[in-house]
Amino acid sequence: MEHPSWLRSRGQRDSGKVSMTELFFDLVFVFAVTQLSHTLLAHLGLTGFLQTSVLFLAIWWLWIFTSWCTNWLDPDATAVRVLLFALMLGGLVVSSSIPKAFGEGGLVFGTLFAAMQVGRSLFMVRAFRGHPEQRDNFLRIALWMLLSGAFWFSGGLLEGQQRLTCWLIALGIEYAAPALYFRVPGLGRSRTSDWDVDGAHLAERCMLFVIIALGESLLVTGATFAGLAWTPVTLAGFLAAFLGSVAMWWVYFDSGAEHGSHRITHSDDPGRLARVAYTYAHLLIVAGIIVCAVADELVLVHPDHASTAGMIAILGGPALYLAGNALFKWLIWERRFLPLSHLAGLVALALMSGWMALAHPSALALGIGTTLVMIGVAVWETRALRRGGAPAHGAGA
């Protein structure tokens with residue numbers, strides 16, 4: 001039988017409303033995003049990029065899997081609230097260990113991360129005890145998490161390259177699992193019909209995470225600017241960072257976010273769309289925002305010169321963001337609509353990388369250039385959509 005105190009009713013799920021409990025849970029990830037951007041800033045370089053990418057992919061996976069689960073759970077149920085508060089506590093500790101995850105904090109990060117992934121999945125098995133198909137779906141997920149958890153824990157016991165290798169294997173297992181439909185010998189595989197999510201709810205959760213990441217970017221910019229002398233150079237860097245954030249908001253929220261919510265809400269197979277458009281594509285969008293936050297601080301603090309890795313971050317953040325948005329919009333527009341504005345922006349950023357290699361511009365000049373690219377993309381797409389109608393009808397944005 002259905003457990004009445006743990007699962008949402010169909011009417012509640014269809015409302016798509018994100019609860020205050022879920023919003024409270026999401027606040028933990030403001031701290032996580034801040035820790036990731038500060039960690040990348042402190043370790044600019046190939047190794048730092050790789051290590052921070054591993055940590056970001058883990059944090060994103062923890063959050064998105066929890067968002068999938070709360071799509072089915074009743075956030076007003078006491079047991080569900082206890083679960084989310086326990087995950088919040090674990091998330092705070094995991095986030096606190098991010099700067100030392102590849103040092104003395106590795107065992108804490110790996111052990112807690114694995115425990116949270118497995119524990120939440122087992123909770124879902126219990127919650128769906130009267131629903132065999134969904135119960136088996138989460139049982140398969142729990143088994144995959146146990147497998148990856150062994151590598152997270154083992155990596156925490158190791159050091160250096162061995163830890164990185166173990167954690168890369170763990171990530172490979174977790175990211176491949178949905179694409180393989182959580183296939184388990186003897187238990188079969190899941191189907192996207194088993195992932196009958198409330199599309200509006202999941203879309204709103206992802207929109208809120210994007211806002212969290214953009215908010216963190218503004219916090220970094222404001223805090224950095226507050227500690228600097230207000231010279232024409234710092235004012236120019238501050239204005240470029242702010243306008244860049246506004247343009248990023250515009251690119252995602254002006255049309256893509258709303259259309260994505262509408263599309264998944266009315267999809268015949270929302271689980272399939274949620275897996276590709278929201279679970280995978282959105283990680284590029286959020287990663288781009290985090291790297292842009294690092295770039296904004298570099299432009300403010302070192303406007304005349306930044307390292308090669310810093311210059312790559314200044315270009316790489318917008319590139320990740322535009323690539324993620326292009327992929328997201330291509331998916332939600334049923335692969336019929338190519339956002340030409342985004343592709344043009346990526347080409348412009350590629351040309352700017354050549355300019356960087358040949359002319360060695362200042363970090364401020366490069367930052368202003370990337371902001372102009374983002375503004376150009378936002379203006380192009382907005383004008384094209386206003387002129388040509390809905391994206392689904394083929395406007396050349």
Side-chain angles (χ1 to χ4, degrees), residues 6-8 10 12-19 21-23 25-26 28-29 32 57-75 77 79-81 83-84 86-88 90-91 113 116-128 131 133-145 148-149 171 173-182 189-210 212 260-261 263-265 267 269-283 285-286 328 331-332:
W6 288 16
L7 299 177
R8 296 176 188 254
R10 171 59 64 175
Q12 287 176 306
R13 287 182 58 200
D14 289 343
S15 68
K17 182 180 179 181
V18 176
S19 70
T21 308
E22 292 168 288
L23 289 174
F25 169 80
D26 288 348
V28 170
F29 292 88
L57 290 172
I59 292 296
W60 170 257
W61 219 233
L62 175 64
W63 181 84
I64 193 66
F65 262 55
T66 304
S67 297
W68 274 76
C69 290
T70 54
N71 197 271
W72 286 290
L73 296 173
D74 178 5
V80 175
R81 287 182 174 179
L83 170 71
L84 289 177
L87 291 174
M88 286 178 67
F113 180 84
M116 292 169 71
Q117 290 287 72
V118 174
R120 185 199 55 243
S121 301
L122 292 176
F123 183 94
M124 295 300 293
V125 173
R126 174 69 173 174
F128 279 113
H131 301 263
E133 291 184 355
Q134 288 286 14
R135 180 199 60 207
D136 291 348
N137 174 46
F138 280 100
L139 179 58
R140 296 183 195 100
I141 293 174
L143 292 173
W144 277 84
M145 295 301 130
S148 64
L171 281 175
I173 292 170
E174 297 204 12
Y175 273 75
L180 298 174
Y181 300 93
F182 300 101
R189 47 162 272 184
S190 299
R191 299 165 297 176
T192 54
S193 59
D194 296 332
W195 310 333
D196 182 24
V197 296
D198 175 359
H201 178 271
L202 187 62
E204 186 175 351
R205 292 299 304 278
C206 288
M207 284 188 274
L208 290 171
F209 199 99
V210 172
I212 285 173
S261 179
R263 180 68 68 187
I264 193 173
T265 300
S267 173
D269 191 357
R272 183 181 298 276
L273 188 57
R275 181 187 59 168
V276 293
Y278 287 94
T279 302
Y280 288 114
H282 265 68
L283 70 88
I285 296 173
V286 176
F328 171 60
L331 290 167
I332 63 172

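These numbers come from a predicted model, not from an experiment.
Rounded to the nearest 0.5 angstrom, Tyr278 OH and Ser67 OG are separated by 12.5 Å. If you take CG on Leu87 and OG1 on Thr66, they are separated by 5.5 Å, rounding to the nearest 0.5 Å. The OG1 atom of Thr265 lies 10.0 Å from the CD atom of Glu204; values are rounded to the nearest 0.5 Å. In this structure, CG in Leu283 is found 11.5 Å from CH2 in Trp63, a value given to the nearest 0.5 Å. How far CZ of Arg81 is from CE of Met88: 12.5 Å, rounded to the nearest 0.5 Å.
For Ser19, the side-chain contact (heavy atoms from CB on, under 4.5 Å) partners are Thr21, Glu22, Pro75, not counting sequence neighbours. Evaluation of the salt bridge (charged side-chain N to carboxylate O under 4.0 Å, His left out) rule for Asp136 yields no partner, not counting sequence neighbours. By the side-chain contact (heavy atoms from CB on, under 4.5 Å) test, Leu331 is found to be paired with Val276, Ala277, Ala281, Leu327, Arg335, residues two or more places apart in sequence or in another chain being considered. For Phe25, the ring pair (Phe, Tyr, Trp, His ring centres under 6.0 Å) criterion is met by Phe29, not counting sequence neighbours. For Arg191, the salt bridge (charged side-chain N to carboxylate O under 4.0 Å, His left out) partners at least two apart in sequence or on another chain are Glu133, Asp194. Scanning for side-chain hydrogen bond (donor to acceptor under 3.5 Å, both in side chains) contacts around Ser190 gives Asn137, Arg140, with sequence neighbours left out. Every residue two or more places apart in sequence or in another chain was checked for a salt bridge (charged side-chain N to carboxylate O under 4.0 Å, His left out) with Arg275, and none qualifies. By the side-chain contact (heavy atoms from CB on, under 4.5 Å) test, Leu171 pairs with Val54, Leu57, Ala58, Trp152, Tyr175, sequence neighbours left out. Every side-chain contact (heavy atoms from CB on, under 4.5 Å) that Ile173 has, sequence neighbours left out, goes to Trp144, Leu147, Ser148, Phe151, Ile169. Not counting sequence neighbours, the partners of Trp68 by the side-chain hydrogen bond (donor to acceptor under 3.5 Å, both in side chains) test are Thr279.
Looking only at side-chain heavy atoms (C-beta outward), Leu73 and Leu83 come within less than 4.5 Å of each other. At a threshold of 4.5 Å between non-hydrogen side-chain atoms, the residues Asn71 and Arg205 do not count as touching. Leu143 places none of its side-chain heavy atoms less than 4.5 Å from the side chain of Phe182. Annotation: side chain of Leu23 is in contact with side chain of Val18 (closest heavy-atom distance under 4.5 Å). Counting only heavy atoms from C-beta outward, the side chains of Arg120 and Leu62 approach each other to under 4.5 Å.
Considering all non-hydrogen atoms of both residues, Ser121 and Ile141 come closest at OG-CG2, 3.6 Å. Closest heavy-atom contact between Ala200 and Ile264: N-CG2, 4.3 Å. Of all heavy-atom pairs between His201 and Thr70, the closest is CE1-O, 4.0 Å. Nearest heavy atoms, Pro178 versus Phe65: CG-CZ, 4.3 Å. Of all heavy-atom pairs between Cys206 and Ile64, the closest is SG-CD1, 3.9 Å. The shortest heavy-atom contact between Leu139 and Val125 is N-CG2, 3.5 Å.
Just one of Phe138, Phe123, Trp6 meets the ring-ring contact (aromatic ring centres under 6.0 Å, His included) condition when paired with Trp72; it is Phe138.
Between Tyr280 and Trp61, the ring planes are tilted. Angles from 30° to 60° get that label.
In this structure, Ser267 contributes its side chain and Arg263 its backbone to no donor-acceptor pair below 3.5 Å.
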